[in-house]
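Worksheet for the structure shown next.
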Amino acid sequence: MQWNAELALTHAAHHLKRCSTPNQLQSWYALLLKTNTTQDCFLINQYITACSNHRIIDTAIFAFSQIVNPNAFVYNALIGAFLTCFRPLQALRHYTLMLRSAVPPTSYTFPPVIKSCKVLQFPGVGQCVHAQVLRNGFGSHLHLQTTMVDFYSSLGMRAEARKLFDEMPDRDGFAWSTMISTHVRAGDFDSARRVFDEMPHKNTAASNTMIHGYAEAGDVNSAEALFNAMLERDVISWTTMIYCYCKQEMYLQALEIFEEMKSTGTTPDNTTMATVISACAHLGTLGKGKEMHMYIMQAELDIDVYIASALIDMYAKCGVMERALVVFFKLQEKNLFCWSSVIDGLAYNGYAEEALAMFDKMEKEKIEPTHVIFLSVLAACAHAGLVEEGKRRFSIMTSRYGILPEIEHYGCMVDLLSRVGLLEEAQVLISSMRMQPNSVIWGALLGGCKLHKNLEIAQIAVDRLMILEPDNSGYYTLLVNMFGEANRWNEVARIRGIIKERRVEKALPGSSWIEVRKKMHQFAASDNYHPSSKQIYQILDMLDSQLKVLGHAAQLDLVV
DNA sequence: GTAGGGTTAG
């Protein structure tokens with residue numbers, strides 16, 4: 001009977017470790033209680049691992065607390081469980097507990113411990129653990145050496161990583177890839193290439209890392225060359241190439257190679273889809289974006305925070321905020337990126353109040369905002385002209401969250417103040433900045449001056465802009481128009497003289513595009529290139545006259 | 001048990 005029960009348990013352990021629901025885990029522990037085997041280190045080890053796979057740490061902690069004499073396997077399982085359940089500090093605590101209980105660590109103890117030091121960014125602790133690795137006789141353990149190289153690499157201690165790698169008597173594919181990655185992380189692509197060239201049998205991972213390096217360096221040609229030369233390509237190779245194109249804003253190429261990937265039989269995964277949806281967002285191609293969404297559903301890929309953020313952003317940028325919100329509200333777990341995308345999407349689509357309400361909701365869920373999210377918040381205030389609200393949020397950013405404003409935040413605030421005509425206040429803010437104002441700042445101020453016809457401050461802004469962007473004719477043109485409007489023709493002549501003297505090139509006109517029925521239509525200001533431009537202008541004129549009837553005068557005075 | 005690819009803003 002006893003023997004049968006044990007056999008059943010062992011069998012259950014095998015089964016439950018792979019596929020089990022939280023409920024099954026519970027009944028498993030009940031079985032352990034019933035059979036008096038809660039002290040069996042082998043079974044508890046399996047049990048803790050299963051709990052960890054389901055991210056249920058509490059039950060694992062309980063099972064551990066019941067063991068009188070946990071062995072190294074049990075400790076290893078628990079330390080690993082803490083790490084996978086995002087509690088690295090607890091992982092380290094139980095490691096020290098293990099040492100104090102005089103249970104000698106095994107080679108399996110260290111990877112999760114070192115990884116915990118890595119995610120916690122504890123260089124000192126990591127070095128202590130390294131010393132213990134050596135003291136326990138694992139100095140020439142290939143696996144642990146690689147883990148240590150990665151640790152030093154992640155904390156930016158490249159010299160230590162390099163030294164360790166150089167001293168390794170044997171190196172496998174993991175070791176080489178880690179070293180290449182070390183240089184890529186540091187932005188030292190030449191060193192990455194040198195290590196890659198030195199590597200005897202280049203595997204797919206190493207090549208992928210190298211392609212990623214090229215992508216970061218903006219070297220599309222080298223990335224393509226290496227990619228094309230690869231004998232075997234996996235999902236990561238393809239995804240990295242897609243990322244490479246995205247990084248260079250070559251979104252159409254990104255979508256093209258995605259199709260190629262599918263046609264050659266490689267199945268995209270979550271990472272691929274997140275990248276490719278982001279490409280659709282940048283292109284503003286709703287049709288393609290929807291196709292990608294459909295693919296995810298068909299392939300039954302899990303909509304994780306990466307894909308969700310990308311989808312929300314894509315739908316928002318394509319102007320279908322309703323769809324973005326559906327994705328957002330369906331999400332079980334939301335991280336900062338999801339919130340950021342939805343808040344920015346609302347702001348971008350003109351729902352300023354809703355964006356702010358969404359931000360407040362995020363605060364209530366105890367998600368710590370970052371400086372990025374405040375850009376969306378302030379942009380929402382700026383678009384809706386919510387001055388007091390904007391000022392309040394701007395000050396909360398620092399007082400409540402300790403986030404110092406970056407130049408982009410100042411840009412939003414200057415834009416906000418200038419738009420509503422608080423030009424002096426905007427100037428005061430600019431002079432209070434802890435960094436040199438750039439052309440965006442002065443441009444925002446100038447925009448406000450234009451709107452509120454303040455020539456004096458406009459002159460100040462343009463003087464600065466002339467220094468910062470001497471080749472940009474747009475600012476001069478704007479100033480010329482402003483003075484012209486005020487009938488100050490002497491000034492007009494003076495500035496035209498400067499333009500001539502400096503031979504400022506006429507800036508390339510900006511353009512925008514929109515997708516209608518899967519076809520792209522591109523427009524520049526006042527152009528006549530579109531086949532239907534005649535009808536389009538007719539409609540614009542009609543809209544304009546309707547607006548006038550409603551007492552809304554368009555500002556066409558920019559166009560001379 | 002160790003390596004390689006992802007989402008927002010600018």
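Each chain gets a letter, A, B and so on, in the order its sequence line appears, and its residues count up from 1. Hydrogens, waters and symmetry mates are skipped; everything else that's a heavy atom, side chains included, is used.
Ring pair A:Tyr315/A:His293 is tilted by interplanar angle, where 30° to 60° counts as tilted. In this structure, A:His141 and A:Phe138 have perpendicular ring planes: the angle between them is above 60°, well past the 30° mark. Between A:His409 and A:His371, the two ring planes are perpendicular [angle over 60°; tilted spans 30° to 60°].
One can place CG of A:Asn208 at 5 Å from C1' of B:dG4, the figure rounded to the nearest angstrom.
Among the protein residues, A:Thr370 comes within range of no part of the nucleic acid, since none of its heavy atoms lies under 4.0 Å from any strand. At the heavy-atom level, A:Thr204 lies under 4.0 Å from base atoms of the strands shown. When heavy atoms are screened at a 4.0 angstrom cut-off, A:Val235 is found touching base atoms of the nucleic acid. Contact annotation for A:Thr271: base contact, defined as any heavy-atom pair under 4.0 Å involving a base atom. If you check every strand for non-hydrogen atoms under 4.0 Å, A:Tyr243 touches sugar and phosphate atoms only.
For A:Thr178, the side-chain atoms get nearest to B:dA3 when compared with the rest of B:dA3, B:dG4, B:dG6. In the set B:dG6, B:dA3, B:dG1, the nucleotide with an atom closest to the side chain of A:Ala205 is B:dA3.
Under 4.0 angstrom from either OP1 or OP2 of B:dG1 there lies no side-chain N or O belonging to A:His141. For B:dT8, the OP1/OP2 oxygens have a side-chain nitrogen or oxygen of A:Ser278 closer than 4.0 Å. Note on A:Arg171: every side-chain N or O is 4.0 Å or more away from OP1 and OP2 of B:dA3. Residue A:His143 places none of its side-chain N or O atoms closer than 4.0 Å to OP1 or OP2 of B:dG1.
Taking only distance into account, the side chain of A:Thr275 never meets the base of B:dG6 through a donor-acceptor pair shorter than 3.5 Å. Remark: the A:Ser107 side chain and the B:dG1 base include a donor-acceptor N/O pair separated by less than 3.5 Å. For B:dG4, its base sits under 3.5 Å from the side chain of A:Asp234 at one donor and acceptor pair at least. The base of B:dT8 lies close enough to the side chain of A:Ser340 for a donor and an acceptor atom to sit less than 3.5 Å apart. At a cut-off of 3.5 angstrom, the base of B:dG5 holds at least one donor-acceptor pair with the side chain of A:Asp269.
Judged by centroid separation below 5.5 Å and plane tilt below 30°, A:Tyr108 stacks onto the base of B:dG1.
Of the residues in residues 300-318 of chain A, those with a non-hydrogen atom less than 4.0 angstrom from any atom of DNA chain B are A:Asp304, A:Val305, A:Tyr306, A:Ile307, A:Ser309, A:Asp313, A:Lys317.
Geometrically, A:Arg171 engages A:Phe165 in a cation-pi contact, judged by NZ or CZ lying under 6.0 Å from the ring centre and within 45° of the ring axis.
In this structure, the ring of A:Phe374 has its center no less than 6.0 angstrom from the ring center of A:Phe394. Taking the six-membered ring where the residue is Trp, the centroids of A:Trp238 and A:Phe258 are separated by 6.0 Å or more.
Scanning for side-chain hydrogen bond (donor to acceptor under 3.5 Å, both in side chains) contacts around A:Asn208 gives A:Asp234, A:Ser237, with sequence neighbours left out.
The structure places CD1 of A:Ile343 at 5.0 Å from CE of A:Met362, a figure rounded to the nearest 0.5 Å.
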